[in-house]
Amino acid sequence: MGSSNTTEGTGGANADPSASDSPAAGPFAEGEKVLAYHGPCIYEAKVQKAELRRDEWKYFVHYLVSYEIKCSLVSDHVLFHISQLVAKGKKRKALSGTEEKDAKSAEKHVMLQFPLTLKKQLVDDWEFVTQLGKLVKLPRSPNVDDILKKYLDYRTKKDGMNAFFLSLRYNFPSNWIAESVGEILKGVRCYFDKALPAMLLYKKERQQYQEAIHDNVSPSTVYGAEHLLRLFVKLPELLSFVNMEEEALAKLQQKLLDFLKYSFPS
Amino acid sequence: MEAAGEEEQDGLSVHSPGQAPPSSASSLPMEQSQVELELRVLEALEIYPPSKLQGIHRHFVLYGLMEYLQRRFDRHFSADEVLQLLDRFFNLEMLKPDDEETDTLNQEEDFSLPQSFFVKDEQ
């Protein structure tokens, strides 16, 4: 225990937790009132002592109201801060400070590897609009809604077949894949409608926008593939606000790429 | 063993001998899985704050929550199911969207294609 090498920073104090109480206590501080999950129930408890054992924090907790148990040694996955139960989203905001955002912006460039043909399409689009002053005619057909719908239909059918076989083997509900895709496509549509006036238009397109979009029309029913593709350039930036888990983000990336390949064939 | 004793004291099993044993037998593990579920939901909210469910990121936050629970419980969670779980803790309609997100999309900014898109083309 004396020379654990993998824990920098907090590790220095672990030999004697009582010497420096709070900063070295891991996620839970000594003396903190917590909620501890024990069997099927949650109990109010107090952290008496925090110890780093083999790189894992262990907490010796006293249950405040004694049932059949009074104290135990637990690891942090069964403990919860009391504030977690009354979370109002406020605390979260304080946590998501600037350094988190910086880390995200460094990450975001890696996020979507555009197929080369699509890069070229975007450059052509840039040339048409900004260099030649040629704007796409609105309303576009198919519009963004049509494109999303078409992909969802295709996905539902394809996954329906897969899911049929999967459900035979693993008892999955047959709509399980299509449903997460559905949520993603809804998200894309929502982003598109909000982002179009805010960040997807070249300067020369502003006037056209004013003429084409009146109060209740959503851009996704008017604009088409060209502008949808521009959204994908901005997508990493937008998604960085969601602060998604890596695994979920990786899956999302795959699904978005699949969408691009289907909807923008080369 | 203790559970059986309580049940007899309750007197429930006497009134409905046909139904009580199976339902009370299944209610215990059921409760446990519900607690487990709720705890994971609360954990997930550390990553996906519920306030984001009201803004433009709603669907991707929902997707994130679906994935989060799916991975922990090894089964599919639908968007509706996730929303129902959240509803146990929050009045979702009362939540206000984050200020930071509304800010970013309220300013107009012209689209510009990143330089990296041009480089490949020139080669």
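Note that the structure is a prediction, hence the values are computed from the model and not measured. In what follows, chains are A, B, ... by sequence order, proteins preceding strands, each numbered from 1.
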[Y] six-ring centre to [X] NZ/CZ under 6.0 Å and within 45° of normal:
| X | Y | result |
| --- | --- | --- |
| A:R140 | A:Y223 | no |
| B:R71 | B:F73 | no |
| A:K119 | B:F117 | yes |

Tell me, side chain or backbone of [X] under 4.5 Å from chain B's heavy atoms, or both, or neither?
| X | answer |
| --- | --- |
| A:E205 | neither |
| A:V129 | neither |
| A:L201 | backbone |
| A:R189 | neither |

B:F77 portion near chain A, given a 4.5 angstrom heavy-atom threshold: neither
Examine whether an atom of B:E67 lies under 4.5 Å from a heavy atom of chain A, and if so say whether it belongs to the side chain, the backbone or both; otherwise answer neither. side chain
Are side-chain N/O atoms of [X] and [Y] paired as donor and acceptor at under 3.5 Å?
| X | Y | value |
| --- | --- | --- |
| B:Y68 | A:E247 | no |
| A:S180 | A:K255 | yes |
| A:D258 | A:Y151 | yes |

Leading residue by heavy atom contact count with chain B [cutoff under 4.5 Å; candidates A:K194, A:K234, A:E245]: A:E245
